[in-house]
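Step one of this worksheet: look at the structure below.
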Amino acid sequence: MRAALRAYAVLEGEDPVSVLGDLELLLKTTEPTRSATAVFANVDPAERRIALAGAANCPPVLLTQHGANFVETSLSAPLGMLSCWEAPGVELTAERGDVLVLYTEGLARRFGANLHAGQSALRRVAADAPRDVRLDPDRLCDHLLAEAGGEEPGEDDLVLLAARFE
């Protein structure tokens with residue numbers, strides 16, 4: 001799936017919805033009994049433009065000088081679950097100093113009793129991190145992992161990525 005996602009990203013360029021749509025077709029054709037969650041972001045760092053699409057993945061968090069908000073990529077089903085996957089993409093422009101945080105369900109579940117509570121707690125912990133931590137993506141990731149209970153293996157995959165815009 002990861003290799004196919006990379007290949008479709010090269011072929012499709014800047015359109016996250018097309019990339020995930022192609023991945024859906026591949027999944028249905030080659031492994032019709034499987035499903036997958038995904039988020040795909042295309043970022044133009046010079047313009048600070050972000051284009052996102054998601055397939056039942058946790059909503060990214062955008063940290064700004066005003067706090068932290070979820071970026072609702074879509075309310076779509078996982079890839080492989082519908083007869084035809086399509087979801088709207090989201091485009092936004094980050095301000096200088098904003099930090100985009102992408103994470104998997106495995107991390108969110110470490111923050112709360114259920115997925116929704118965990119996502120809300122993760123957003124709150126990110127927003128409440130000290131300013132110097134929020135400004136450094138590596139330190140922010142370390143902070144979130146520590147608050148979630150460290151890097152010990154859990155039941156779900158844990159992926160965390162933070163990108164700061166200059």
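Quick note: numbers below take in every heavy atom, side chains included, and nothing from hydrogens, waters or symmetry partners.
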Any chance you could lay out the side-chain contact (heavy atoms from CB on, under 4.5 Å) test for Leu122 and Val61, step after step, and finish with the verdict?
CA-CA 9 Å; Leu122 183 146; Val61 173; 4.1 Å; yes
Step-by-step salt bridge (charged side-chain N to carboxylate O under 4.0 Å, His left out) determination, Arg139 to Asp132:
CA-CA 9 Å; Arg139 290 183 65 198; Asp132 59 318; 3.1 Å; yes
Please determine whether side-chain contact (heavy atoms from CB on, under 4.5 Å) holds for the pair Leu62 and Asn69, giving the CA-CA distance in whole Å, both sets of side-chain angles, and the decisive distance to 0.1 Å.
CA-CA 5 Å; Leu62 185 65; Asn69 294 300; 5.6 Å; no
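A distance-only check finds a donor-acceptor pair linking the side chain of Arg96 to the backbone of Glu166 [under 3.5 Å]. Proximity of a side-chain donor or acceptor of Tyr8 to a complementary backbone N or O of Gly21 within less than 3.5 Å is not detected.
Within the 4.5 Å cutoff, the side chain of Arg134 has no heavy atoms near those of the Val99 side chain. Using a 4.5 Å heavy-atom threshold, the side chains of Leu158 and Leu145 count as touching. Inter-residue side-chain proximity for Leu100 and Phe165 is flagged as met; some heavy-atom pair is nearer than 4.5 Å. Proximity of Leu115 to Arg109: side-chain heavy atoms (C-beta onward) are separated by under 4.5 Å at one or more points.
A continuous path of hydrophobic side-chain contacts links Leu11 to Leu79 [ILVMFWY only; heavy atoms under 4.5 Å]. Criterion: ILVMFWY side-chain heavy atoms under 4.5 Å apart, direct or through other members. Under it, Leu107 and Phe70 are part of a common hydrophobic cluster. Leu135 and Leu63 fall into different hydrophobic clusters, defined by Ile, Leu, Val, Met, Phe, Trp and Tyr side-chain heavy atoms under 4.5 Å apart, directly or through other members.
Rounding to the nearest 0.5 angstrom, the gap separating the CG atom in Leu20 from the CG atom in Leu25 is 13.0 Å.
A pairwise comparison of heavy atoms in Pro78 and Ser35 identifies CB-CB, 4.3 Å as the closest pair. Closest approach of Ala108 and Cys58 over heavy atoms only: CB-SG, 4.3 Å.
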